[in-house]
Amino acid sequence: MSCPGFGELNIPSSRAFWDDCEEDELENLKPVEKLQLKFDDDCDGEAATVESEMLVVIEGINVTHFASSLLAKDAKRVCAIPANNSTLHWSHSSKQLLAIINEDLSSSGEVAELLLPYVKLAKKVITLTLKPKVEFKSEDIQLYRDHIAVVRGIGANQKDITELEAPNFIAGVAAGVASWRDQMELPVTSFVIYTDKLPLDSTAAQPVIKVLQGAGVACSSSYIPPRKESSYLYM
């Protein structure tokens with residue numbers, strides 16, 4: 001089962017695993033705990049699903065500091081998302097929801113379902129996926145050797161953004177959110193940025209900031225990464 005641009009879902013048909021299990025082993029299997037959003041104690045009012053002007057989903061490896069510094073300065077944390085310390089934030093002034101997703105493909109389907117109430121009501125949805133540059137595939141890969149970042153989009157409709165081409169695809173929560181909106185014929189724009197530096201530093205952050213601002217997302221114009229702890233190396 002597949003959806004253009006959003007990867008492929010392979011469902012195995014083999015019963016070999018279950019055929020090898022004894023009945024008493026199946027009876028002793030503990031039920032898997034259902035994932036839930038964990039709302040903050042002081043967010044009772046915000047716990048109800050809100051209709052946002054824009055829902056922004058930023059997903060990648062170690063994106064928390066970047067996304068919260070750039071987009072969540074005047075926003076309030078609503079809840080924890082059960083995926084590697086991921087969070088949901090709400091800005092009352094801009095009516096903007098921000099989902100910060102630290103990549104965890106093992107639970108991305110369930111997390112996408114948890115966010116569907118917000119995805120359904122948002123007037124506009126933008127997803128942005130950050131990936132290492134080495135994952136970008138192209139027949140002309142040498143042309144991008146010196147680029148800080150390679151930017152691709154799905155439904156971006158921007159002159160300077162090239163459409164994502166096969167065999168590249170997006171996955172995770174961003175793919176789940178975008179494909180659901182696309183199937184419901186609701187507006188959605190997806191971006192994938194293949195970058196030389198993860199976590200982002202101030203230079204690598206600039207192409208990301210440009211994409212966000214070009215898409216109409218309210219965010220800061222610069223990023224200062226956290227200071228690294230001393231390596232305890234002496235000259």
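Here the structure is a predicted model, which is why all the values come from computation and not from measurement. Atom set for the values below is all heavy atoms of this structure, side chains included, hydrogens, waters and symmetry mates excluded.
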Ser108 OG to Ile101 CD1 distance, which is reported to the nearest 0.5 Å: 10.0 Å
Working for side chain to side chain contact (heavy atoms under 4.5 Å, CB included), residues Val63 and Leu130: CA-CA 8 Å; Val63 296; Leu130 295 174; 3.8 Å; yes
pair Cys79-Lys38: side-chain heavy atoms closer than 4.5 Å: no
Backbone N/O of Asn84 and side chain of Asn102: donor-acceptor pair under 3.5 Å: yes
Close side-chain approach of Leu98 to Val56, heavy-atom, < 4.5 Å: yes
Worked verdict on Arg152 versus Glu163 for salt bridge (Lys or Arg N to Asp or Glu O under 4.0 Å): CA-CA 5 Å; Arg152 291 294 183 265; Glu163 281 287 300; over 6 Å; no
Joint hydrophobic cluster, Val111 plus Trp90, side-chain heavy atoms closer than 4.5 Å: yes
Pairs flagged by side chain to side chain donor-acceptor pair (under 3.5 Å) wherever residues 124-133 is involved - sequence neighbours left out: Thr127-Ser190
Path from Leu115 to Val50 over hydrophobic side-chain contacts below 4.5 Å: yes
Counterpart residues, ring pair (Phe, Tyr, Trp, His ring centres under 6.0 Å), relative to Phe66 (two or more places apart): Tyr223
Distance-only donor-acceptor check, side chains Thr189 and Gln158, under 3.5 Å: no
Asp140-Ser138 side chain donor-acceptor pair, cut-off 3.5 Å: no
hydrophobic_cluster_shared for Val192 and Val151, side chain cutoff 4.5 Å: no
Inter-residue atom distance Ile61.CD1 - Thr195.OG1, 0.5 Å rounding: 11.5 Å
Partner set under ring pair (Phe, Tyr, Trp, His ring centres under 6.0 Å) for His147, not counting sequence neighbours: Tyr144
ILVMFWY cluster, Leu164 and Leu128 together (side-chain gap under 4.5 Å): no
Heavy atoms from other residues, nucleotides or ligands near CD of Glu135 exceed 12 (cutoff 6.0 Å): yes
Test log, rule side chain to side chain contact (heavy atoms under 4.5 Å, CB included), inputs Leu200 and Leu198: CA-CA 5 Å; Leu200 296 171; Leu198 283 175; 4.3 Å; yes
Co-membership, hydrophobic cluster, residues Leu55 and Val217, 4.5 Å side-chain: no
